[in-house]
Amino acid sequence: MCGFVGYVSIYSEPLIKNQKKLVQRMNRSIVHRGPDEEGYYVDESISLGFRRLSIIDVEHGHQPLSYKEERYWIIFNGEVYNYKELRDELTTKGYSFQTNSDTEVILAAYVEYKEEVVSKLRGMFAFIIWDKQEKTFFGARDQFGIKPFYYAVEDEGLYVASEKKAILSVIGDKKIDQVALQHYLTFQYVPTSNTLHRAIKELPPGHYMTKKLNEEIVIKRYWQADFKPVQKTEDVFTTEIKNSLYDSIERHMQSDMTVGSFLSGGIDSSIIVAIAKEFNPKLKTLSVGFEREGYTEIDLAKETAEELNVENFSHTITAQEFMDEFPRFVWHMDDPLADPAAVPQFFLSKLARKHVKVALSGEGADEIFGGYGIYNEPHSLRFFTNTGGVINYAINQLARLIPEGVKGKSFLLRGTTSLENRYVGNAKVFDEAEKNKILTNYKIEYPYKVVTESLYQQTAGYSPIDRMQLIDINTWLSGDLLLNADRTTMAHALELRTPFLDKEVFKVAQQIPSDLRIANGTTKYILRKAVEGIVPDKVLYRKKLGFPVPIRHWLKDEMYEWALKIINDSQTDHLVNKKYVVDLLNKHRIGKNDYSRKIWVMLTFMVWHRIYVEDKVEFLIEPLSYAVNQ
């Protein structure tokens with residue numbers, strides 16, 4: 001696990017004189033991603049920088065790494081779990097290797113397969129390959145977007161980096177993307193390939209880019225998640241799921257360092273721990289919770305750890321800790337991420353790094369196996385499929401007249417609204433009318449549906465559950481969960497691995513019919529069946545808790561003055577209606593409605609603006625402040 005930065009000249013002229021210094025500055029800004037080592041490569045057209053977090057002790061595996069008498073160069077962030085098989089395949093073709101690293105295997109595979117190399121790799125990755133002879137730049141990101149890849153094109157060249165802050169440290173255009181801000185208010189993260197800085201983009205998951213001198217950048221998709229249901233018996237599916245998980249988890253545990261695992265009170269992390277323990281009986285597990293009653297999974301996690309006979313370490317987060325660390329959390333995210341559950345993972349990663357250098361996590365299980373309760377919605381709304389369009393329209397109009405907060409209103413509205421118009425993904429915070437009141441420059445031509453429209457078009461004819469899961473895989477998973485997973489762990493130089501997000505596991509999951517993913521009101525039905533006897537039943541069939549965060553209570557009490565000060569001090573008057581936000585906070589405080597998620601979206605943005613627009617980073621300490629300001 002590491003980080004990379006780089007610059008490649010757009011034209012044939014040599015690099016500008018201070019380009020190496022700029023790349024060094026970029027590299028310093030992500031020192032947290034790889035505190036163990038740094039490396040550079042510079043020629044007349046490109047400058048590359050690399051930071052390394054040492055996980056596997058490979059001989060001569062330092063980066064940037066070269067191949068074929070220094071014709072090809074690579075910087076690589078991630079892990080490839082099938083590199084040994086791929087190396088054997090390449091060896092039979094006459095390739096030789098100077099190291100035992102997966103990095104050199106990627107480079108040799110590129111020499112053999114060119115762009116098709118990405119389809120050969122099983123793992124998490126973002127990398128850059130430079131062909132010095134052909135003056136060709138090639139960059140790629142893994143299928144699900146586990147590892148990040150940012151880029152910016154300026155007049156003189158192309159900048160790339162593992163984190164956006166590295167590019168921000170050197171480019172001139174730092175203007176906010178107003179459309180991205182508008183979408184953020186809906187999704188609680190910035191969706192698609194945009195960022196809140198209009199000059200910086202993110203290479204989407206499952207894509208690669210190529211660039212030759214004096215030619216335009218070309219970006220292509222090489223993989224897309226899809227469901228292809230196949231009729232098989234439950235027994236066949238459970239066997240295939242079990243086999244794929246055992247294989248994936250064993251591969252994800254490859255490391256010369258101690259491997260641990262996150263453990264909540266839920267099924268996904270419990271599955272990971274139960275299987276991982278079979279490969280390492282001394283597995284360490286990590287858990288966090290909150291001091292407020294009803295908002296902690298520590299007791300459940302400890303109970304699960306005892307059931308599985310593994311060691312557990314835990315930490316209870318206080319409201320004051322939460323407030324104190326929140327600016328640092330926002331700095332690490334690069335773009336505002338207003339998922340309250342993301343902040344506890346920041347503390348979880350901090351705890352984990354005290355005990356291990358690599359941790360496993362259950363991200364992705366809900367999206368690919370059907371784990372969210374909302375996926376039951378098509379069944380609960382089945383009544384409306386038979387009432388007809390005219391009747392549904394009338395019900396919809398009457399429901400709109402029902403006061404907010406009255407039970408049944410949401411059910412009637414959702415039942416009489418098409419899936420395309422009601423399901424945005426796991427989070428829908430502000431609607432268009434609210435955004436028009438909050439934003440000073442609301443653009444009516446960019447409603448949230450422009451983000452999901454193409455995905456719904458591609459899945460016309462699919463089952464509603466398939467469509468909902470594919471919306472989440474293509475937006476929520478990479479935009480929220482994996483952004484959070486990468487940044488919170490890298491903030492503490494911890495490598496996180498996600499065995500559910502393995503392309504071989506997904507090959508099995510994509511064949512499962514939706515009525516087996518969710519059956520009889522049970523989410524992840526076939527996954528649960530597959531691990532019966534591995535995970536204790538009392539854990540396996542426990543109700544999904546999510547990651548409860550007590551911001552609803554805190555914003556009324558402990559966090560009220562803190563939140564009010566953030567709003568009043570924020571220099572965002574030209575972007576948002578701050579009075580509207582203060583009114584939300586006050587209404588929430590007196591209990592008119594629960595506005596905590598809406599308030600949290602605005603607070604997160606305002607803290608982000610303070611850091612990345614107002615350049616106020618006084619919360620940072622050495623060496624991070626040095627990294628930001630140099």
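What you see is a predicted model, and the numbers here were worked out from it, not measured in a lab. Hydrogens, waters and symmetry mates are skipped; everything else that's a heavy atom, side chains included, is used.
Surrounding CZ of F313 are more than 12 heavy atoms belonging to other residues, nucleotides or ligands, all under 6.0 Å away. Under a cut-off of 6.0 angstrom, the local environment of NZ in K220 is sparse, with at most 12 non-hydrogen atoms contributed by other residues, nucleotides or ligands. The number of heavy atoms from other shown groups lying within 6.0 Å of NZ (K503) is above 12.
The distance from atom NE2 of H197 to atom CD1 of I171, rounded to the nearest 0.5 Å, is 7.5 Å. Summarising the geometry, atom CD belonging to E495 is positioned 6.5 Å from atom CE belonging to M490; distances are rounded to the nearest 0.5 Å. L203 contributes atom CG, which lies 5.5 Å from atom CD1 of I219 (distance to the nearest 0.5 angstrom). In this structure, CD in E504 is found 9.0 Å from OG in S248, a value given to the nearest 0.5 Å. Note that the NZ atom of K175 and the CZ atom of R198 stand 4.5 Å from one another [nearest 0.5 Å]. T318 contributes atom OG1, which lies 7.5 Å from atom CG of D324 (distance to the nearest 0.5 angstrom).
Between E112 and Y95, the side chains place a donor N or O and an acceptor N or O closer than 3.5 Å (distance only, hydrogens not considered). Judged purely by distance below 3.5 Å, without hydrogens or angles, the side chains of Y81 and E79 never pair a donor atom with an acceptor atom. Residues N27 and Y40 bring a donor and an acceptor atom of their side chains to less than 3.5 Å of each other.
Taking every heavy atom of both residues into account, M124 and F76 meet most closely at O-CE1, 4.3 Å. Pairing each heavy atom of P327 with each of V607, the nearest pair is CA-CG1, 4.0 Å. When all heavy atoms of H609 and H574 are compared, the pair lying nearest together is NE2-CE1, 3.8 Å. Smallest separation of non-hydrogen atoms from R87 and N100: NH1-CA, 3.5 Å.
Between E202 and the options R141, K164, H207, a side-chain hydrogen bond (donor to acceptor under 3.5 Å, both in side chains) holds for only R141. Partner R122 forms a side-chain hydrogen bond (donor to acceptor under 3.5 Å, both in side chains) with one of D142, N82, D502 and no other, that one being D502. Of the options V179, L181, L196, a side-chain contact (heavy atoms from CB on, under 4.5 Å) to V190 is made by L196 and by none of the others.
A cation-pi arrangement, defined by a distance under 6.0 Å to the six-membered ring centre and an angle within 45 degrees of its axis, is present between K120 and Y113. At least one cation-pi condition fails for K132 and W73: the charged atom is not both under 6.0 angstrom from the six-membered ring centre and inside a 45 degree cone around its axis.
In this pair, W223 and F506 present their aromatic rings perpendicular. The plane angle is above 60°, beyond the 30 to 60° band. Relative orientation of the F605 and Y184 rings is tilted, given thresholds of 30° and 60° on the angle between their planes. Taking the six-membered ring for Trp and thresholds of 30 and 60 degrees, W562 and F326 have ring planes more than 60 degrees apart, a perpendicular arrangement. Aromatic ring orientation, Y222 versus Y208: parallel (interplanar angle below 30°, classes split at 30° and 60°).
The backbone N or O of I46 lies less than 3.5 Å from no partner atom in the side chain of Y41, so there is not a single donor-acceptor pair. Side-chain atoms of Q182 come within 3.5 Å of backbone atoms of Y446 as a donor-acceptor pair (strictly under, hydrogens ignored). Judged purely by atom type and a 3.5 angstrom limit, E363 has no side-chain atom pairing as donor or acceptor with the backbone of L482. Checking side-chain atoms of D102 against main-chain N and O of V80 turns up a donor-acceptor pair under 3.5 Å. The closest donor-acceptor contact from the side chain of Q188 to the backbone of V429 lies at 3.5 Å or more, if one exists at all. At distances below 3.5 Å, not a single donor-acceptor pair connects side-chain atoms of R497 with backbone N or O atoms of V358.
At least one side-chain heavy atom of R25 sits less than 4.5 Å from a side-chain heavy atom of L22. Using a 4.5 Å cut-off on side-chain heavy atoms (C-beta onward), K147 and D486 make contact. The closest side-chain heavy-atom distance from F500 to S361 is not below 4.5 Å. Contact check for L283 versus S261: side-chain heavy atoms found under the 4.5 Å cut-off. At a threshold of 4.5 Å between non-hydrogen side-chain atoms, the residues I272 and H252 do not count as touching. Within the 4.5 Å cutoff, the side chain of I106 has heavy atoms near those of the I74 side chain. Within the 4.5 Å cutoff, side-chain heavy atoms of I567 are placed close to those of L603. For the pair V330 and R610, the minimum side-chain heavy-atom distance is 4.5 Å or more.
A salt bridge between E134 and K68 is absent, with no side-chain N of the basic residue lying under 4.0 Å from a carboxylate O of the acidic one. Salt bridge status for D247 with R251: present, with a side-chain N to carboxylate O gap under 4.0 Å. Using a 4.0 Å cut-off between a side-chain N of Lys or Arg and a carboxylate O of Asp or Glu, D615 and K174 do not qualify as a salt bridge.
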Could you please spell out the steps behind the side-chain contact (heavy atoms from CB on, under 4.5 Å) verdict for L477 and L501? CA-CA 10 Å; L477 181 61; L501 294 178; 3.9 Å; yes
Worked verdict on Y189 versus W476 for side-chain contact (heavy atoms from CB on, under 4.5 Å): CA-CA 8 Å; Y189 57 88; W476 167 264; 3.9 Å; yes
Can Q24 and K21 be said to form a side-chain contact (heavy atoms from CB on, under 4.5 Å), step by step? CA-CA 5 Å; Q24 288 174 330; K21 290 185 178 179; 4.2 Å; yes
side-chain contact (heavy atoms from CB on, under 4.5 Å) assessment of N194 paired with K201: CA-CA 5 Å; N194 294 320; K201 304 296 181 184; 2.9 Å; yes
